[in-house]
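Here it is, the structure in full.
Whatever order the structure lists them in is the order used to number ligands and atoms, beginning at 1.
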Amino acid sequence: MRDAAPKTIYLKDYTPFGFLIDGVELTFRLSPGATRVLSKIRFRPNPDATDTRFFLHGEDLTLISAAVDGRPVTPRIVEGGIELDAPDAPFTWEAEVEIDPKGNTALEGLYMSNGMYCTQCEAEGFRKITFYPDRPDVMATFKVRIEGDEPVMLSNGNPGASGPGFAEWHDPWPKPAYLFALVAGDLVNHPDTFTTMSGKEVELNIWVRPGDEGKCAFGMDALKRSMKWDEDVYGREYDLDIFNIVAVDDFNMGAMENKGLNVFNSSCVLASPETSTDMNFERIEAIIAHEYFHNWTGNRITCRDWFQLCLKEGLTVFRDQQFTSDMRSAPVKRIDDVLSLRARQFPEDNGPLSHPVRPESFQEINNFYTATVYEKGAEVIGMLKRLVGDEGYAKALDLYFDRHDGDAATIEDWLQVFEDATGRDLTQFKRWYAQSGTPRVTVREAWDDKGTFTLHLSQHTKPTPGQDQKLPQVIPVAVGLLNPNGDEVVPTRMLELTEAEQSFTFDGLSARPIPSVLRGFSAPVILEQEIDNDRRAFLLAHDTDPFNRWEAGRDLARDTLISMIREGAAPNPAYLEGLRAVMRDDTLDAAYRALMLGQPTQSELAGILFDTGTTPDPEAIHVASEALRDAKAQALSDLLPGLYDKNQVDGPYSPDADSAGKRSLANAALSLLTRLDGGAAAQAQYDSADNMTLQLAALGALLDAGKGDAALTAFEDQWRHDRLVMDKWFSLQIVYTKPDDVAATTERLTRHADFDMKNPNRFRAVFGALAMSHAGFHYASGAGYDLLADWLIRLDPLNPQTTARMCSAFQTWTRYDDSRQAHAKAALERIAGQASLSRDTTEMVSRILKG
Ligand code: B3K
Ligand code: ZN
């Protein structure tokens, strides 16, 4: 490993920086291999600081010259930057450094993507651009001058002077360096305008490479709807004259909220019916909204330090989830969010990478942009809103924006506004930020024949790394009661579970009710409720809460799969019957019915088996999952053709929720139908498809049926010029390969002429698909583990961030049998044993190895 004892940073050690900044001026002289960055920064001593060391971060910089108040100085080179004996009075620091954007394959700091200059500074990338106090609590206004031959040269804020060979930008809002951005290249724009609530006209642009102009309209519309929604729902107005979005092909994540200049992975902004699926459209809409919403929750109010990351991310995810619910179907959105929480966050929270929503230590902060910080962070805010009510939430948010605008704030500040606005004591609630692990809530029922029904709730959280003892958390448990005839007798009530065990009574009932517990998934917990299949079938038929109605069907599918795996049982007829009833019910939303046709993922089943004392066998899980799909196809055989036909959408493609819902139901039906007709309908759909949603679903169905070879070749011929579509082509064939062949198929694809390990989208398309193929990745021979390890070892020197992120594929390794564990451990140890392994990957692998 690179560093025998990598440095750990602790939340408790926070101290303010010794200086404040009155203004930053930067000049960039662009050149691919030798860009010069000139900085002029006015510092003054910070009266609130005790540590007066003048330390500036810097990494991979060649210092050309430095001066204080115009006098040349030679700073001391120290670990991670430079130090100087600074004057005890205001002074101006000037420096010139040289950097190498072209050689920057880590895609952090200033780098090049397809000949275009771009930046990524969050979390700590600005220090690769110039010497600077690169921490979020140091905020400053920036003036930027870009010199170069690029046709388009952009930075944050409002445009200033420009002319041949230069462009100037001025951002009047003080910001931390992680929000700095610069983009320069041969770009074309898709322009529009938005008039804000106070009547100010804002210029909007989506900048793309020539040829992609036709893929911007949807993103632009999503941006305008986001701007309007944030005004209507949160009262937040945009605050610059211009808002720019740029699409970049090589990007380590989805997008970045740089002030006034959002940079997007092209996969998260470019959309066209021919090249993007309905899911792509929905994701693009959500990410555009997310980055835009950061303008207030993240930029105007930022984080004091990186431990407070959930302050901006949890809140902004919560806001983008609200936006999508408003734009589309709220129940469908809730189910989607819970599916992704269970698929990504629960395994994290219940394995070696478990950490609190607000971590207390880290070695590399980039490793903490996790499902826990983001998605559980959003759930925590949802619970807070449920506990204080909609009005309390609105008052608290108004106070938050009033009180903290311009601040670098903390979770304490956030909770304080809720306490001040609502009078509620949140001392116990704060444990949601500090305790890791998913609480398990057990439900027992009692009925006394005198009309009183009692729910006994208890909570328990298993120990997690570094936290042996857990204290009870406040858990909002939404409960409704149904009469045996299916009518709702007690509408949803929010029970507050605050103790380890607590009972809640409902009086005056005429018959023993059937409870519907944790409606709307009111808390991110695992519900342990002993209920039989009849009860689940009853809830599937009658629950008035759409989430719990879906959940009842899901639980039936889960239980039947578990007994198929454990006991070789046949699929449960009650589940199949319930599914038939739902598929016959045309009053239900198509997207909702499509979700009902789904079943728990193989990885989720492995987690459930492990939790209940059975070592999961990936092959057996795979076989049972396939058998249940076959059984569904048989049980619904008479309904599938009708479902498929009735949900065809006529007319030109539109990505709206209704049309997308119909396509998702038709495609779900197609995938089952293919098990009956051998692929005839899928081939017909492939041949006639005029949009990517239909084309890709048909290709998937054909591959699943073992009849996809011709279509796969045709698809490649049709789309080889389009990187984003080819990413789908790479992934899909791994997804539909039989487990024993997954590693070999993946390896073969790495030899394809278009496989480019330096492009994170392509690397993820291939190796993300390998990791997602449960039975293939965890194949008994260990070939899946070995192949991923080989490639992570190759990628680490080039791109530590993407390497470290993909290590999490190994996070569940201790669930499996001894032989698999031995293979996984050997693969992990092989990664860990590399000389000069990055800090990012070192931290991830050592946490995962601790088990
Ligand atoms: N804030 C960025 C993520 C930065 C990740 C740095 N490794 C995008 C977002 O959450 O909106
Ligand atoms: Zn974010």
Task: For Asn366, the ligand 1 atoms whose distance to one of its heavy atoms is below 4.0 Å - done: 6 (C), 7 (N)
Open item on the list: Here's one to test your reading of the geometry: is the NZ or CZ of Arg127 within 45 degrees of the ring axis of Tyr132 and under 6.0 Å from its centre?
Closed with: no
Task: Shortest protein heavy-atom distance from atom 6 (C) of ligand 1, along with the residue and atom involved - done: Glu122 O, 3.3 Å
TODO: Look at atom 11 (O) of ligand 1 and say which protein heavy atom is nearest, naming residue and atom and giving the distance to 0.1 Å.
DONE: Glu291 OE1, 2.8 Å
Open item on the list: With a heavy-atom distance limit of 4.0 Å, tell me whether Lys312 approaches ligand 1 through its side chain, its backbone, both, or neither.
Closed with: side chain
Task: Side chains of Asn761 and Arg764, donor plus acceptor under 3.5 Å - done: yes
TODO: Would you verify whether the NZ or CZ of Arg304 falls within 45 degrees of the ring axis of Tyr14 while also being under 6.0 Å from that six-membered ring's centre?
DONE: yes
Task: Ligand-side contact atoms (ligand 1) for residue partner Met256, heavy atom cut-off under 4.0 Å - done: 1 (N), 2 (C)
TODO: May I ask you to check whether Glu122 and Asn258 show a side-chain donor-acceptor distance below 3.5 Å?
DONE: no
- [ ] May I ask you to list the protein N, O or S atoms found at less than 2.8 Å from the Zn ion (ligand 2)?
- [x] His290 NE2, His294 NE2, Glu313 OE1
TODO: Check each atom of ligand 1 against the heavy atoms of Glu257 and keep those under 4.0 Å away; list them by number with element.
DONE: 1 (N), 2 (C), 8 (C), 9 (C), 11 (O)
Task: Check: Phe293 ring centre within less than 6.0 Å of Trp229 ring centre - done: yes
Open item on the list: So, applying side chain to side chain contact (heavy atoms under 4.5 Å, CB included) with Phe264, which one of Val248, Ile288, Val246 is it?
Closed with: Ile288
- [ ] For Ala255, counting its heavy atoms only, list the atoms of ligand 1 lying under 4.0 Å from any of them.
- [x] 2 (C), 8 (C)
- [ ] Distance to 0.1 Å, residue and atom name: give those for the protein heavy atom nearest to atom 3 (C) of ligand 1.
- [x] Tyr374 OH, 3.5 Å
Task: Face-on cation placement of Lys430 at Tyr433 ring, 6.0 Å and 45° thresholds - done: no
Open item on the list: When you compare ligand 1 with His294, is there at least one nitrogen or oxygen pair between them that comes in under 3.5 angstrom?
Closed with: yes
TODO: Below 4.0 angstrom from a heavy atom of Gln801, which ligand 1 atoms are there? Numbered from 1 as shown, please.
DONE: 7 (N)
Open item on the list: Any nitrogen or oxygen of Gln120, side chain or backbone, less than 3.5 Å from one on ligand 1?
Closed with: no
Task: Aromatic ring proximity Phe194/Tyr238, centre distance under 6.0 Å - done: no
- [ ] Report yes if the distance between the aromatic ring centroids of Trp306 and Phe368 is under 6.0 Å, otherwise no.
- [x] no
TODO: For the pair Arg236 and Glu231, find out whether any cationic side-chain nitrogen is under 4.0 Å from an anionic carboxylate oxygen.
DONE: no
Open item on the list: Between the side chains of Arg723 and Asp727, is the shortest nitrogen-to-carboxylate-oxygen separation below 4.0 Å, so that they form an ion pair?
Closed with: no
